[in-house]
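Keep in mind it's a predicted model, so treat the numbers as computed, not measured. Quick note on labels: first sequence line is chain A, next is B, and so on, each numbered from 1.
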Number of protein chains: 2
Amino acid sequence: MAESSRITARDGVRADARRNRERVLVAARAVFAEHGIDAPMATVARRAGVGVATLYRHFPTRDALVRGAFAQQMETCARALTEALAVPDPWQGFQHLVETVCALQREERGFPAAFVAAFPESTSEHAQYRQRAERDFTTLVRRAQASGALRSDFHPSDLAVVLLAHCGLVTALPDDGAASRRLVAYLLQSFRADPVNKPLPPPTALTLRSFPIATDSPQG
Amino acid sequence: MAESSRITARDGVRADARRNRERVLVAARAVFAEHGIDAPMATVARRAGVGVATLYRHFPTRDALVRGAFAQQMETCARALTEALAVPDPWQGFQHLVETVCALQREERGFPAAFVAAFPESTSEHAQYRQRAERDFTTLVRRAQASGALRSDFHPSDLAVVLLAHCGLVTALPDDGAASRRLVAYLLQSFRADPVNKPLPPPTALTLRSFPIATDSPQG
DNA sequence: GTCCAAGTGGACGATTGCTTCCACTTATGA
DNA sequence: TCATAAGTGGAAGCAATCGTCCACTTGGAC
């Protein structure tokens, strides 16, 4: 509180405006977690205790709001890649990256949807960031392959496969994360050049009641 | 055409009503494939060349329409389970099941969403079907484990994990199916008791441009 | 051919969410 | 303390979709 008024003045933004912006972001994360990223803008505004106009002033589009709300998570992803490259053992670096990103998706409800939504867009300004991420990840893959731990036919695009599949899982089943951990364990195992059955995290509590194989064919 | 009028009369449904019902189902599959299962009901009606009232008469809720549209696929799933139990080699039966269901999800756009949507609902009438499916699948798993091909810590609930993850992938990336095939290959491999790196289907054409790791942190 | 119940189409009111606009409030610098 | 421009709230105008209602049409039994 004490610091904000000066810091604020410096970038020409009024203190209350900056405070409201934060409240909106907090509210957005909460609402997105609860109702998905398609939740009404007005709901976010109400939760933040501000009017809709205030929300629109700070975030002119839903997309901007979503990006703002999950910018922190996106940064954590980016950091995980840097960290992964710094790990001495290439396989452990690779594993670290996959596990970190999946853990983020598992823990912050709403983030997976934002993640997928952000997908098709390889727009101008971010293109450079993406290119760098792509290059870095490819480096990580090559190193892990050279060390003999990562199977040689793993392709960098497989990361997208893993992440999208994982997003789908945690979105469909926002449970305690058991399913997510199990999927990640299975996949990491099959990425090894020398696959060995290691112990898995416990299975989900889900019964197979889930399996909608049963046709309601006598369609009543 | 020739047959329908008699068959129809038999169950007390007018021939034109039955014909319209079919047209609606065809239209629904097309529209759901194109715009997702949340597409407006009116769009389906227009595509079918009928009024909205007709649509609502046959399918009072969107849910009923979705179930109607994909009943065939659901039946194919059920049949795959029966077939799988009939395959002499238990592992091949298991593999057959997973691959068949995933292939269905991959090929019929809109079906995966319907599949996931059908999920939480373990309603009364279908409960018995599901229970049977669950029991049969558990049998399949036990047999494959007894034969030594399926890892012993595979849990029947892992099927739900696979299918939901796969749904998420094909929903996010309705491409040519390369990603789907690759995921399935990875997973089946990690389900083996004696994992061995077999050749994978080719990777997706996706570049990693997809990876939205790059934060747009200088949020402009 | 005639009749009538089953079936149909499209208009309509209700609901929900988006976005803009403008009169009011308030932080800030002098 | 005051002036002022930045910031704010909520109402209002739109647009999309839902699901129902009712007057009209048509299949099929006789």
Engineer: Regarding B:Ala17, tell me which of base, sugar-phosphate or nothing describes its non-hydrogen contacts under 4.0 Å with the strands shown.
Structural biologist: sugar-phosphate
Engineer: Ignoring hydrogens and angles, tell me if any N or O in the side chain of A:Thr138 forms a donor-acceptor pair with the backbone of A:Glu134 under 3.5 Å.
Structural biologist: yes
Engineer: Can you tell me the distance, in whole Å, between the CG atom of B:Asp63 and the P atom of D:dC18?
Structural biologist: 14 Å
Engineer: B:Arg62 CZ to D:dA16 P: how many Å, rounded?
Structural biologist: 17 Å
Engineer: How many whole angstroms separate atom CE of A:Met41 from atom C1' of D:dG10?
Structural biologist: 16 Å
Engineer: Between B:Tyr56 and B:Arg19, which is nearer to the 5' end of DNA chain D once each is assigned its nearest nucleotide?
Structural biologist: B:Tyr56
Engineer: Hey, does A:Val52 reach any base, or is it just sugar-phosphate, or nothing, if we go heavy atoms under 4.0 Å?
Structural biologist: base
Engineer: If I take atom CG in residue B:Asp16 and atom P in nucleotide C:dG9, what distance separates them, rounded to the nearest angstrom?
Structural biologist: 9 Å
Engineer: Rounding to an integer number of Å, can you tell me how far B:Phe59 CZ sits from C:dG7 P?
Structural biologist: 14 Å
Engineer: By nearest nucleotide on DNA chain C, pick out whichever of A:Pro40 and A:Ala53 is the more 5' one.
Structural biologist: A:Pro40
Engineer: Separation of B:Arg18 atom CZ from C:dT8 atom P, in whole Å?
Structural biologist: 12 Å
Engineer: It should be established whether B:Arg14 places a side-chain nitrogen or oxygen under 4.0 Å from OP1 or OP2 of nucleotide C:dG7.
Structural biologist: no
Engineer: Taking OP1 and OP2 of C:dA6, is either one under 4.0 Å from a side-chain nitrogen or oxygen of B:Arg57?
Structural biologist: no
Engineer: Any side-chain N or O of B:His58 below 4.0 angstrom from OP1/OP2 of C:dT8?
Structural biologist: yes
Engineer: Where does the angle between the aromatic ring planes of B:Phe154 and B:Phe94 fall among parallel (under 30°), tilted (30 to 60°) and perpendicular (over 60°)?
Structural biologist: perpendicular
Engineer: Which part of the nucleic acid, if any, lies within contact of B:Arg46, taking any heavy atom under 4.0 Å across all strands shown: a base, the sugar-phosphate backbone alone, or nothing?
Structural biologist: nothing
Engineer: Go through D:dG7, C:dG9, C:dG17 for me and flag the one nearest to the B:Val50 side chain.
Structural biologist: C:dG9
Engineer: Looking only at side-chain atoms of A:Asn20, point me to the closest of D:dC18, C:dT19, D:dT8.
Structural biologist: D:dT8
Engineer: Within the structure, does a side-chain N or O atom of A:Thr54 lie under 4.0 Å from either OP1 or OP2 of D:dG7?
Structural biologist: no
Engineer: If you count every heavy atom of other residues, nucleotides or ligands that lies below 6.0 Å from B:Gln72 atom CD, does the total exceed 12?
Structural biologist: no
Engineer: State the CZ-OG1 distance between B:Arg182 and B:Thr204, to the nearest 0.5 angstrom.
Structural biologist: 8.5 Å
Engineer: C:dC18 P sits how many Å from A:Ile37 CD1, rounded?
Structural biologist: 13 Å
Engineer: Main chain of B:Ala69, side chain of B:Arg29: is a donor-acceptor contact present, judged purely on distance under 3.5 Å?
Structural biologist: yes
